[in-house]
Trainee: 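What follows is a structure written as structure tokens; I'll ask about it next.
All values reported here derive from a predicted model rather than from experimental measurement. Both counts, for ligands and for their atoms, begin at 1 and track the order of listing.
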Amino acid sequence: MERTFIAIKPDGVQRGLVGEIIRRFEAKGFTLVGLKMMQVSRELAEKHYDVHRERPFFPSLVAFITSGPVVAMVWEGDGVVAAARKMIGATNPLSAEPGTIRGDFGISIGRNLIHGSDAIETAQREIALWFTPEELVAWRPAVQPWLVES
Ligand code: UDP
Ligand code: MG
């Protein structure tokens, strides 16, 4: 089953949007299989954003993501990687469509509330980076037949 890595960044936690963001993924019908709050180390932040290492915003991005608690999650469901990116919206919240998380709650690219894996392979790498296998819980919601045609 497809899985994606989602992180509520320090601004989302500080602004009290943890419940609202989790609510949206739950209401959509995806399954939460991993969840933890953590203070991100510089080492983890730099590994997570390794593809952006040479970009000018890299130092401020690492400083921001390590500046306060983050809520790290793994969500499961067919098509969850691409669907989560749609629910999150464009990187710049001012360009993100209303109805998306960034479009509804943000105004600045450096404070865009949430991270979501951009592809299935990226999701696999990020899940392995943030979670141990024991921290992930495989379970079938009882409502599954009412969400997915068998
Ligand atoms: N970012 C930034 N300034 C930029 C571009 C990106 O601060 O000009 C930050 C922003 O927090 C973004 C993250 O770097 O979410 C990773 O950038 P990416 O292009 O991967 O955006 P995302 O996949 O998060 O939409
Ligand atoms: Mg990205």
Trainee: Heavy atoms only, cut-off 4.0 Å: how does Thr91 contact ligand 1, side chain, backbone, both, or neither?
Mentor: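 Within the 4.0 Å criterion, Thr91 contacts ligand 1 through backbone and side-chain atoms alike.
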Trainee: Identify whether Met87 and Ile114 are in the same connected component of the hydrophobic contact network (ILVMFWY, side-chain heavy atoms under 4.5 Å).
Mentor: yes
Trainee: Report yes or no: does a heavy atom of Arg111 sit under 4.0 Å from some atom of ligand 1?
Mentor: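 Checking ligand 1 against Arg111, which is what was asked, there is no heavy-atom contact under 4.0 Å.
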Trainee: Give the residue and atom name of whichever protein heavy atom lies nearest to atom 11 (O) of ligand 1, and the separation in Å to one decimal.
Mentor: Lys9 NZ, 3.0 Å
Trainee: Please check if the number of heavy atoms outside Lys86 that lie under 6.0 Å from its NZ is greater than 12.
Mentor: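 Counting neighbours around NZ of Lys86, 12 or fewer heavy atoms of other residues, nucleotides or ligands fall under 6.0 Å, so no.
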Trainee: Using a 3.5 Å cut-off on N or O atoms only, is Arg102 in polar contact with ligand 1?
Mentor: yes
Trainee: Please identify which atoms of ligand 1 are closer than 4.0 Å to at least one heavy atom of Arg85.
Mentor: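 Ligand 1 atoms under the 4.0 Å threshold to Arg85: 22 (P), 23 (O), 25 (O).
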Trainee: Do me a favour and list the nearest non-hydrogen protein atom to atom 19 (O) of ligand 1 with residue, atom name and distance?
Mentor: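 Its nearest protein heavy-atom neighbour is His52 CE1, 3.8 Å.
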Trainee: Among all protein heavy atoms, pick the one closest to atom 4 (C) of ligand 1 and tell me residue, atom and distance.
Mentor: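 Protein heavy atom at minimum distance: Phe57 CD2, 3.5 Å.
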Trainee: Please lay out, stage by stage, how Arg23 and Glu20 fare under the test salt bridge (Lys or Arg N to Asp or Glu O under 4.0 Å).
Mentor: CA-CA 5 Å; Arg23 188 196 65 75; Glu20 168 67 21; 3.4 Å; yes
Trainee: Are Trp75 and Phe30 close enough that their ring centers fall under 6.0 Å?
Mentor: no
Trainee: Pick whichever of Ile109, Ile114, Asn112 has a heavy atom sitting closest to atom 15 (O) of ligand 1.
Mentor: Asn112
Trainee: Can you tell whether the side chains of Glu126 and Lys47 come within less than 4.0 Å, N to carboxylate O?
Mentor: no
Trainee: Only heavy atoms count here, so choose which of Leu61, Asn92, Thr122 is nearest to atom 13 (C) of ligand 1.
Mentor: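 The nearest heavy atom belongs to Leu61.
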Trainee: Please work out whether any backbone atom (N, CA, C, O) or any side-chain heavy atom from C-beta onward of Arg55 is under 4.0 Å from ligand 1, and answer side chain, backbone, both or neither.
Mentor: neither
Trainee: Please examine the side chains of Val70 and Pro10, heavy atoms only from C-beta on, and report whether any two atoms are closer than 4.5 Å.
Mentor: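 SC-SC contact between Pro10 and Val70 confirmed.
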Trainee: In this structure, are over 12 heavy atoms from other groups packed under 6.0 Å from Leu147 atom CG?
Mentor: yes
Trainee: For Tyr49, counting its heavy atoms only, list the atoms of ligand 1 lying under 4.0 Å from any of them.
Mentor: 16 (C)
Trainee: If you apply the rule salt bridge (Lys or Arg N to Asp or Glu O under 4.0 Å), what do you find for Arg125 with Asp50, and how did you get there?
Mentor: CA-CA 12 Å; Arg125 182 185 89 83; Asp50 191 55; over 6 Å; no
Trainee: When you look for heavy atoms under 4.0 Å from ligand 1, do you find them on the side chain of Phe64, its backbone, both, or neither?
Mentor: neither
